[in-house]
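Here is the naming used below: chain letters follow the sequence lines, and residue numbers restart at 1 for every chain.
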Amino acid sequence: MAPQNNSLLELSCVSKYFGGLAALSEVSLYIKRGEIYGLIGPNGAGKTTLFNIVTGLYRLDEGEFNFDGIAYAHCKPHVLAEAGIARTFQNIRLFANMSALENIMVGRHVRTHTGIWGALTRNVAARAEERAITQRARELLRFVGIDGPHQTLAKHLSYGEQRRLEIARALATDPKMLALDEPAAGMNATETESLKTLLQTIRNSGITVLLIEHDVKLILGLCDRIAVLDYGKKIAEGTPDEVRRNQTVIAAYLGGEAA
Amino acid sequence: MNLGKFPYCKKCNAWRVFAVLAIVLLALPFVTDALLGRGWVRIADFALLYIMLALGLNIVVGYAGLLDLGYVAFFAVGAYNYALLSSPQFGLHWPVWVVLPLGGLLAGFFGVLLGAPTLRLRGDYLAIVTLGFGEIIRIFLNNLNAPVNVTNGPQGISMIDPVQSGGISLGSTQQVFGITLPSVHLYYYLFLCFTLLVIFVSLRLENSRIGRAWMAIREDEVAAEAMGINTRNIKLLAFSMGATFGGLSGGLFAGFQGFISPESFSLTESVMILCMVVLGGMGNIGGVILGGVLLVLLPEALRNGAGPVQQWLFGKTLVDPESLRMLLFGLALVVVMLVRPAGLWPSTQRRRELSDDDDDVVKQELESVYGSSK
Ligand SMILES: Nc1ncnc2c1ncn2[C@@H]1O[C@H](COP(=O)(O)OP(=O)(O)OP(=O)(O)O)[C@@H](O)[C@H]1O
Ligand SMILES: [Mg+2]
C-alpha cells in the first residue's frame, strides 16, 4: 500500500500513548483525494484519538503525517483548520449559546480577514465580507437541511439538526477534507438516510470525507475504502467487500458484535 | 417575508428612543443638581467611569468568557500614567490628548503582558492568576517610592492636573453659550462622550468577526480552535481591548480626582466591576450599563437613605447607615443572583436584520457549488 501521489492525507507509523496505554500504535494509512474513507473499530480502538491527532488537538508521540504534501505533525489546531481539515465531534461541540447561523459564521473565520479596524469602521471591505459570510452561512444551513428561523440558538435545535449544524460549521471552513466522528450516532433510520445523501453530495463537490461510524450498514454502503482499528492497531484496510470478508476483522469487530 | 418590513419600523423607534435618551442624558446633571444636590452629579460622574470599566471587563468576561479578577490593574495603569505625566511629581504636564490615549495604549500593552502567561488557564485557575496580577500591580505602586521615588508610595500622587486643553480646564467652572457649567458638570459631559465611544466600540466589536470569535471561545474553546480560530491571538486581543478601556477610564479618573493612591485600586474594586458585569447581564451591553449604574447608585442611596428610613420606622437610628449600607448591598446582590441568575438584563439572542429575499440567488449558488441538491 505505497502512498499514491494523489493521496491527501498520509499517516506513517503514528503512535500515541496515554500513560502505558497505546491508544494508537504505528498506524499508517493514506486517504485519496475525493474518496470517502471509513474508520471503524470497537469502542476504545483509537478512532477519535486519530482524529484528534490529525486535527492538532493531540500531539502524536511517534511517526508523522502529511496533509496535502506538507508535514503537520506538531501544529496547532487552527493551523490544520487553515490547511483544510475540518471536523465534527463525537460529543457534539457546538457553540451552544450562539444562533445556528452564527455557529456557521464562526466557521468562516479562518477564511476571512476583518480585524479590529474593519470591525470598528465598518468600511466597504468589512461590510462586503460580513455580507459574504452571512450569505454563505445561510446557504450552508439550507444545504444541510436546517430550515426555520436561523436565529434559533444551537442548543435549542433537535439532536439530528445539531449533528448537521456541526457539519455545516465544518464545511464553512472550506475544507479539503471533512472528518466526521460518528455523525449518525443517535439518528433514526430516516435521518441516517438523509445523512448518507448529504455525505455523498459533499463528496461529489470535491471534498474528501473521513468518517468514523459504528453504523456498519452506513459505512459499508458509503465508503470507498475502510480501515479497521483494534486496540490502537490497524488490523485491516480495503474496500467494503474486502473488509467484510477479512477474517481478522470478523473476529475482532463484526464477529464480536454478532456474537 | 414580513421580516423585510420589521427593521424599518424598528429603526423609527430606535431614533425616537435615541432622541429621548439624548435629552435625558444632557439634562441629567442639571436636574440632579437641582433636585438632589451637587454631590449626586459627582456620583453620576463616577457611575459613568464605572460603566466604562464594566464595559471593558465585559469584553474579557462577557464576550471571551475569561474570568479576570485583576481588571482594576489596568485602571491603575491608566491612572498612574496620567498622574505621572501631568502632575508636579516629575514636573511633567503633558497635554491631555497625548496622555489619555497613551494610558489606553499602555494599559492595552499590559493587558497582553498579563494575558500571555494565562492563555492555557481556564475558569478558576485563570481567576486566581489574574487576581494575583492585580495585586502585584497594586503592591508595585505601593512600593515604588524607594530607592527611586516614582509613585510616591502609599501617599499617592496629588495635585494632578485636571483635564484641560487650550486654556480651558474642566477643573473649574466654565461658561459655555452663556450657561454656567461647574466642574462636575463638565466632567459629566466629558465622561459621557467617552462612555458613548466605549459603547460604540463594544457594539461594533460584538457584531463582528472578532466578536464572534470571542464568543466561540467562550462557548467552547476546543471547538473554536478546531474551527480555525487562533485562540492565543484572539484571547490576547480580548485582554488588550478590555485593558485599553480600563486604562482610558483610569486616566479620566486621575484627572477628575486630582489625587490617586494605590488604595483606589484594591481587589475590592475588581470584584465590584465584575459584579456590575455579572449582575447586569454578562455579554449584554445594556445589562452591563444597568449593572454599573445600579452598583454605583445603590450604595450611595443606601448611605443617604438608611438613616432617615430608620428614623421614620423606629424613631431613632439603630444601626449606623455606613455599616448597614454594605450589608444591604450584599443582600441585594444575593437576592438578584437568586432570582435572576443570568443577570438583570441578560443578553438575549440577537436578531440580525437579515432580509429573506435572496432565496433564488442562494439556490443558484448552491447548485453551482454542490451540484443540484435533492
Ligand atoms: N485524553 C485522554 N487521556 C487518557 N486516555 C485517553 C484520552 N483519550 C483517549 N484515551 C484512551 O485511548 C483509547 C482510545 O480512545 P478513543 O477515544 O480514540 O477510542 P474510539 O475508537 O474513539 O472509541 P469510541 O468508539 O468509544 O468513540 C481509550 O482507551 C481511551 O480511554
Ligand atoms: Mg470515539
Which of I229(B), L205(B), T231(B), L237(B) touches chain A most, by non-hydrogen pairs under 4.5 Å: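 Option with the top pair count is I229(B).
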Side-chain ion pair, E130(A) and R212(B), N-O less than 4.0 Å: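 Result for this pair is yes, salt bridge flagged.
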Which portion of T121(A) sits near chain B, non-hydrogen atoms under 4.5 angstrom: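 Answer is backbone: N, CA, C or O of T121(A) sit under 4.5 Å from chain B.
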Residue part contacting chain B, namely of E129(A), when any heavy atom lies under 4.5 Å: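 Answer is side chain: those atoms of E129(A) sit under 4.5 Å from chain B.
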Does the side chain of [X] reach to within under 4.5 Å of the side chain of [Y], using non-hydrogen atoms?
{"X": "I210(B)", "Y": "T114(A)", "value": "no"}
{"X": "H109(A)", "Y": "I234(B)", "value": "yes"}
{"X": "M98(A)", "Y": "D220(B)", "value": "no"}

Region of I217(B) that comes under 4.5 Å of a non-hydrogen atom in chain A: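 Neither part, no heavy atoms under 4.5 Å.
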Contact winner vs chain B - T55(A), I85(A), V106(A), N97(A), heavy-atom pairs under 4.5 Å: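 Of the options given, most contacts go to N97(A).
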Approximate separation, where rounding is to 0.5 Å, of I116(A) CD1 and S208(B) OG: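 Answer for the CD1-OG pair, I116(A) versus S208(B), is 7.0 Å.
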Working for side-chain contact (heavy atoms from CB on, under 4.5 Å), residues R93(A) and V222(B): CA-CA 8 Å; R93(A) 300 190 79 137; V222(B) 172; 3.6 Å; yes
Donor on one side chain, acceptor on other, T112(A) and R209(B), under 3.5 Å: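 Yes.
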